[in-house]
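A quick write-up on the structure given underneath.
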Amino acid sequence: MSDSRGAARAILAAFEEYQAGVRDIAHRAAFHFAARDWAAARADATARLRLYGDLVRRAIDEADARLGTADRRVGWSAARDRYAAEVAGRGDREIAETFFSSVSRMHFGTVGVDPKIEFQGAWERGTADVAEDAPRRWCSAQDGLPALAAAILEGAPRPLADPRAEATRVAEALRRAVRGAWGTDRVTGADMLDTVFYRNREAYLVGCLRLGERAMPLAIAFRSHPRGIVADAVLTTADELSIVFGFAWSYFHASLPRPGATVGFLHRIMPLKRIDELYTAVGYNKHGKTELYRTLMHHLEQPGHRFEEAEGTRGLVMAVFTLPSLNVVLKVIKDRIAAPKRTNRHEVSEQYRRVFLNDRVGRLADAQLFQGLAFPEHCFSDDLLAELCFVAPSVVRLEGDRVVIGHLYTERRLRPLNLYLREVPPADAEAAILDYGNAIRELAASNIFTGDLLLKNFGVSRHGRVIFYDYDELAPLDACTFRHIPPPRSDDDELAAEPWYSVGEHDVFPEEFIPFLVPPGPLRDLFVEAHRELLDPDWWRAMQERVK
């Protein structure tokens, strides 16, 4: 006999175990931060990413056992209705609904959306109306900025190195910010979210300063030192907070009893951030995908909106297209990957999975995997659709009047660095080329060698930050062998078309980088002056030792 109530409750139990695991990991993040146990913090971050899939698979087995083998779709439809009633009053209802949809989609291999066995939902412009429900605390400035700073720091990670000194430093930073923005030292108070956001070696308190009806975003960044925790920076602009909650970082750990309300609060102080990006940033990346899909479909419903090929140099591995009205690109792995690439679909997918599980250090674009998507055929130009069907027939097909894509990744759309450098004023180009070198350095410090260092594989965000987004040749830094080019044995060696020295599979010759990094001219000269070490194998070997 089919037991739809039992199936619904089994799925809900798995979801509650997931939420308990998320809370436990967020709680442990505070201890890892204070103890400066970065290895444990990294392990927990990976464990949280794996937790969702493990519990979805368990929920499938337990629900199937209760629904039997009769008309399974009818049983799952009834279980969906039971589940909807069970989660109706929860503060995390939207996360719970996405969990059920993940279970049913994985079980049935759904193509498109089946509203009978998953939660479809409608696109909404924002969640500002629920921001007032975000768990938060009011810190009054009635007794001045020092007292306000001390009240804010009551919610800080513990133990602070010197609470009085930290309050003094934060108060002075607040004074500079409000004086510069509002021309006064007076503040009504601060509305602070009642949680700490942890990520790797960082922790943040987030809220907003208020002066009457005026509001200013506020985030206080903390670092953990052997002598205790200290305030590292006070951020008071939406752009600064947008970078902190950006798409190129790993996800935060935070205990959020009402995720939608917290996201609404964050959206209020970072209005240019999409709702899906904020859900993803605070650790609910699966629901972030749900919101992104709804946003994408909403844009496609607008008259004249169609996908088109993304700007930039065509790649050998991916077919990339975009929707002009939405700053997202969609990437499909090609079936036939041409030389000189030596990879295949499975290996590329594994690279993307490794990026998902790794610390992205603010330099790797977050890539969301979607499976079983279906779009109306009229949303594609004839040329784009023909190209996708030709280069990836195993995952792109026409079914009636819809285009089914079995496997694709979405990433934030960036301006390719090679195009950006041609378009912007010299000062912006110089800043970007210097940050390009910084990106290579920071990835190396996180045990990542990008492999393909061509400018076209890096993009520039709206904040001018350089991000890497092409992952097929990524490698662990400690798996590479960095070598000097041996001196030629004769004039014939120098004139030979092939190297006169042996080259192993993992050998890298940094002295060969410069022709591929930056075109000749002032930008190359600037890059070499600032980042000469990147052309030296000894620097890379030293970085490998540091990583160890």
Side-chain angles (χ1 to χ4, degrees), residues 15 18-19 21-22 25-26 45 48-53 55-56 91-103 105-106 113 118-128 130-131 134 195 197 199 206 241-256 258-268 270-299 323 326-331 352-353 355-357 360 362 364-373 408-413 461 467 469:
F15 171 70
Y18 167 70
Q19 286 289 65
V22 169
I25 290 172
R48 185 184 64 177
L49 294 172
R50 298 183 188 277
L51 180 65
Y52 191 92
L55 288 170
V56 163
D92 58 358
R93 177 184 56 82
E94 77 279 17
I95 312 298
E97 290 177 350
T98 286
F99 186 85
F100 185 98
S101 296
S102 296
V103 172
R105 289 184 65 82
M106 180 177 286
V113 175
E118 59 185 291
F119 291 87
Q120 186 172 15
W123 177 83
E124 297 178 3
R125 184 171 298 279
T127 59
V130 302
T195 188
F197 294 87
R199 180 177 60 205
V206 178
L241 268 71
S242 290
I243 293 172
V244 169
F245 283 83
F247 59 91
W249 300 97
S250 304
Y251 310 142
F252 278 112
H253 298 289
S255 184
L256 305 176
R258 299 182 64 84
T262 298
V263 164
F265 184 96
L266 293 171
H267 186 252
R268 180 179 290 177
M270 293 177 278
L272 296 182
K273 278 284 183 192
R274 294 196 315 269
I275 295 299
D276 64 275
E277 292 180 309
L278 290 170
Y279 269 110
T280 297
V282 300
Y284 288 109
N285 58 298
K286 294 295 184 180
H287 188 69
K289 285 174 56 177
T290 298
E291 294 289 347
L292 175 57
Y293 174 77
R294 291 170 181 167
T295 301
L296 184 61
M297 298 308 294
H298 169 75
H299 279 255
L323 192 60
L326 188 63
N327 60 346
V328 170
V329 294
L330 299 88
K331 307 173 71 170
Y352 274 79
R353 178 170 173 75
V355 169
F356 175 69
L357 296 173
R360 291 189 291 280
L364 297 177
D366 187 30
Q368 297 283 357
L369 170 63
F370 285 83
Q371 295 175 289
L373 292 186
L408 67 75
Y409 297 95
T410 62
E411 291 178 2
R412 168 72 84 84
R413 186 172 68 222
S461 74
I467 310 294
Y469 52 62

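Here the straight-line distance linking atom CD of E291 with atom NE2 of H298 works out to 12.5 Å at 0.5 Å rounding. For the atom pair CZ (R258) and CZ (F265), the distance works out to 14.5 Å, reported to the nearest 0.5 Å. For the atom pair N327 CG and E411 CD, the distance stands at 12.5 Å (nearest 0.5 Å). Once rounded to the nearest 0.5 Å, the distance linking CZ of F356 with CG of L364 reads 13.5 Å. Residue L330 holds its CG atom at 8.0 Å from CG of L373, rounded to the nearest 0.5 Å. Atom CD of E277 is separated from atom CG of N285 by 13.5 Å, given to the nearest 0.5 angstrom.
When all heavy atoms are compared, the tightest approach of S255 to A26 is N-CB, 3.9 Å. Residues P259 and G91 share a closest heavy-atom pair of CD-O, 3.6 Å. The two residues F247 and R360 have their closest heavy-atom pair at O-NE, 4.5 Å. Smallest separation of non-hydrogen atoms from A248 and I467: CB-CD1, 3.8 Å. Of all the heavy atoms in T280 and G288, the pair that sits closest is OG1-CA, 3.5 Å.
For the pair R274 and Y279, the cation-pi test (distance below 6.0 Å, angle within 45°) is failed.
A donor-acceptor pair shorter than 3.5 Å cannot be found between the side chains of Y18 and K286.
Taking E118 as the reference, R105 meet the salt bridge (charged side-chain N to carboxylate O under 4.0 Å, His left out) condition, with sequence neighbours excluded. Here F99 pairs with F15, Y52 under the ring pair (Phe, Tyr, Trp, His ring centres under 6.0 Å) rule; sequence neighbours left out. The side chain to side chain donor-acceptor pair (under 3.5 Å) search around T98 returns H287, T290, not counting sequence neighbours.
Side-chain contact between K289 and D276 is absent, with no heavy atoms from C-beta onward closer than 4.5 Å. The shortest distance between side-chain heavy atoms of R353 and L369 does not fall below 4.5 Å. Put simply, the side chain of V244 reaches to within 4.5 Å of the side chain of F252, judged on heavy atoms.
Ring pair Y284/Y251: centre-to-centre distance not below 6.0 Å. When ring centroids are compared, Y293 and F370 stay outside the 6.0 Å threshold.
For the pair W249 (side chain) and A281 (backbone), a donor-acceptor distance under 3.5 Å is absent. Of the possible donor and acceptor atoms, one in the side chain of R413 sits under 3.5 Å from a partner among the backbone N and O of L323.
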Check your understanding: When you look at V113 and M297, which way does the side-chain contact (heavy atoms from CB on, under 4.5 Å) test go after all the steps?
Key -> CA-CA 11 Å; V113 175; M297 298 308 294; over 6 Å; no
Exercise for review: Go through L266 and F245 one step at a time and tell me if the side-chain contact (heavy atoms from CB on, under 4.5 Å) criterion holds.
Suggested key: CA-CA 9 Å; L266 293 171; F245 283 83; 4.0 Å; yes
Review point. Step by step, would you call L296 with V328 a side-chain contact (heavy atoms from CB on, under 4.5 Å)?
Key: CA-CA 9 Å; L296 184 61; V328 170; 5.9 Å; no
